[in-house]
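Some notes on the structure that comes next.
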Amino acid sequence: MPALQFYNSLSRQKEVFQSLIPGKVGLYVCGPTVSGESHLGHARPFITFDIVYRYLRHLGYQVRYVRNITDAGHFEEEGRESEDKISKKAALEKLEPMELVQKYTNLFHWAMREFNNIEPSIEPTATGHIVEQIVMIQKIIADGYAYEANGSVYFDVEKYHRHFGARNMPYGILSGRVLDDQLETTRELESQEEKRNKADFALWKHAAPEHIMRWESPWGEGFPGWHIECSAMSTKYLGDEFDIHGGGMDLQFPHHECEIAQSAVCNHKIPARFWLHNNMITINGRKMGKSYNNVIKLSELFSGNHEILTQGYSPMTVRFFILQTHYRSTLDFSNEALQAAERGLRRMWEAFTQLNKFEVSGDVVTAGDLDLEAHCFGVLSGLEADMNDDLNTAKVLAGLFELVPVINSIKDGLISKDALTSSTMRMMKEMFNTYLVDIFGLKEEKKQDDQKLSAVLGLIADIRRDARARKDYATSDKIRNQLLSAGIQLKDEKDGGVSWELV
RNA sequence: GGUCCUGUGGCCGAGUGGCUAGGCAGAGCUCUGCAAAAGCUUCUACAGCGGUUCGAAUCCGCUCGGGACCUCCA
């Protein structure tokens, strides 16, 4: 069995994963900025790294999964204005910053639960770690890689690059950018005159009077800069060097590059061994993002309440949609694609439900159909290798889909129950459960286990069966059609039974 | 302008130098009182041109198209 490999953005190639401490993994993922409601694009990293988390645990690792909440404002530069994003929005909505932050944090948590993402081990907030950030900045200043200017503190990228480049940690090691180019092309920004070089980035910003979020610091009242929170919190909870750092590709530069520089100064190491980046969700080929005015918020996505949506899509449909693509490929949104995912998931889930109902006798040792046995066993045996190959969830799902006709055929009696050995049947049940439920985190969405509804429908199905036996099709069709219009679909099974499904 | 990624059939998407990806949609057939579901079969592919090779969607080059990052961004 091939060992688990991840594509490491740092080395730009797949590498076999080995944890720094045997049996334990430290995982840090950049969390949301809670200045607004999460949209479809945000769903991807959190689902992707939920799979990473689940899979590592499945493999037996004890994982500490840290995902921060960015609740202290980052900057928003538009033209000449430079305002704290959160305080700006807060002014518009006439809310206290922390009230706004709480509101969107709650919404974020709601969305994560809807997606069935396991909550991280630690979910630290930026505002809760101001002290740690200040200490880190002081250390960087003391080492000579940052300077103060008018109450703000900037990281000296050029000096860092000169010194740490010689130690194989140049600025640009992650993103592949060349600093000289940066110096030429960085856009003109506010406070630029405070910086020694255009590429320098803020560690601490002096708070203008209108800023609501502000903290005391050795440099006066202000607030932390763009990148220091992740360095401070990942160091605090995972140490100077940990296993995996994840996030969206758009964070690779400058955010993660800056994190590396900050941590390298303080801890003399690149903070993480593996850097994993998920690709973007696009809409009409364009990245979903505020600046493109093409975002679909998660609440809109679920409800269908958005002009470009022809219907709502359930959280599990979205999750399945995301899993059907490799995480490093762009994924293009369209109603057609989501509907395909919805139907595909239903088909998969019905087969899975059916599979769980099969009794495995335990005494079939010789397969009745050797070709089929070999086929099923081959598919099942290959799943782990696909998963280990940089989490090819798309390929795993394709493999599981190959077994769906087998399950359905057994159910319909088209394939004998003795066609497969008991061990293969058991393996199939186990693998479906392991992948769909444990690793992919899919779950039943429509509650069919309502006892009272089941009793009523059982009765109705009985009545209809009697009507059909009398060839009273007017009655049987009336029952079926009316139930269908009420959202309940009856299906006459091959064995004479009736099953029902909420649609 | 700089750095990088990408172009697969109606749609979404996986992919190893030679072996059917898969899903959705379409068509035919089977089962069925009809329907739904299901099963079987099946049509549309690897942007274009050239090169390497016994053989390339898969490697190389060029052309054209799309995108990301360079600025907060998942």
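All chains are named by letter (A, B, ...) in the order of the sequence lines, taking the proteins before the strands, and each is independently numbered beginning at 1. As a basis for the values below, the full set of heavy atoms in this structure was taken, side chains included, without hydrogen atoms, waters or symmetry mates.
For B:rA37 and B:rC54, the C1' atoms lie 49 Å apart once the distance is rounded to whole Å. Between B:rU44 and B:rU20, the distance separating the two P atoms is 16 Å to the nearest Å. On the P atoms, B:rU58 is 16 Å away from B:rU53, given to the nearest whole Å. The separation of B:rA14 from B:rG9, taken at their C1' atoms, amounts to 14 Å, rounded to a whole angstrom. Straight-line distance between the P atoms of B:rU6 and B:rA38: roughly 36 Å, to the nearest whole Å. Comparing the P positions of B:rG61 and B:rG22 gives a spacing of 32 Å, expressed to the nearest Å. A distance of about 29 Å separates the P atoms of B:rC40 and B:rU8, rounded to the whole Å. Rounded to the nearest Å, the gap between the C1' atom of B:rC43 and that of B:rG26 is 9 Å.
A salt bridge is absent between A:R196 and A:D200: the closest approach of a Lys/Arg side-chain nitrogen to an acidic carboxylate oxygen does not fall below 4.0 angstrom. A salt bridge is absent between A:E445 and A:R319: the closest approach of a Lys/Arg side-chain nitrogen to an acidic carboxylate oxygen does not fall below 4.0 angstrom.
Between the side-chain ring of A:Y473 and the base of B:rG33, a stacking contact exists by the 5.5 Å and 30° definition.
Nearest nucleotide to the side chain of A:T325, out of B:rG13, B:rG33, B:rG10: B:rG13. Among the nucleotides B:rC24, B:rU71, B:rA14, the one closest to any side-chain atom of A:P254 is B:rU71. The nucleotide whose nearest atom lies closest to any side-chain atom of A:L414 is, among B:rC34, B:rG39, B:rG22, B:rG39. Here the side chain of A:E402 is nearest to one of B:rA37, B:rG10, B:rG22, namely B:rG22. Distances from the side chain of A:E350 to the nucleotides B:rC69, B:rA37, B:rG15 place B:rA37 closest.
Figure legend: A:R67 and A:Y28 shown without cation-pi pairing, the cationic atom not lying both under 6.0 angstrom from the six-membered ring centre and within 45 degrees of its axis.
Between the base of B:rG33 and the side chain of A:D477 there is a donor-acceptor pair shorter than 3.5 Å. Between the side chain of A:R44 and the base of B:rA74, no donor-acceptor pair of N or O atoms lies under 3.5 Å. Between the side chain of A:D332 and the base of B:rC11, no donor-acceptor pair of N or O atoms lies under 3.5 Å. A donor-acceptor contact under 3.5 Å is not formed by the side chain of A:R177 with the base of B:rC4. Side chain A:D386 to base B:rA14: no donor-acceptor pair is found below 3.5 Å.
A close approach under 4.0 Å does not occur between any side-chain nitrogen or oxygen of A:N279 and OP1 or OP2 of B:rA68. Between B:rU3 and A:S175, no contact under 4.0 Å exists linking OP1 or OP2 to a side-chain N or O. Considering only side-chain N and O atoms, A:K287 lies under 4.0 angstrom from the phosphate OP1 or OP2 of B:rC69.
Atom OH of A:Y7 and atom P of B:rU6 are 9 Å apart (whole Å). If you measure from atom CZ of A:R343 to atom C1' of B:rG22, you get 17 Å, rounded to the nearest angstrom. In this structure, the NE2 atom of A:H326 is 20 Å from the P atom of B:rA21, given to the nearest Å. Distance, A:F321 CZ to B:rC24 P: 15 Å, rounded to whole Å.
Nucleotide B:rU32 forms a pair with no other nucleotide shown, judged by Watson-Crick or G-U wobble geometry with both contacts under 3.5 Å. Look at B:rA68: its Watson-Crick or wobble partner, with both distances under 3.5 angstrom, is B:rU3. In this entry B:rC59 has B:rG51 as its Watson-Crick or G-U wobble partner, both defining distances falling under 3.5 Å.
Side chains of A:N117 and A:Y53: no donor on one and acceptor on the other come within 3.5 Å.
Ring planes of A:W275 and A:H256: tilted class, angle from 30 to 60°. Between A:W110 and A:F302, the angle of the ring planes goes over 60°, which puts this pair in the perpendicular group of the 30/60° scheme.
Within the nucleic acid shown, A:L490 comes within 4.0 Å of at least one base atom, counting heavy atoms only. Within the nucleic acid shown, A:M249 has no heavy atom closer than 4.0 Å to any nucleic acid atom. A:R465 comes within 4.0 angstrom of nothing in the nucleic acid, heavy atoms only.
Among all heavy-atom pairs drawn from A:F320 and A:G344, the shortest one is CE2-C, 4.0 Å.
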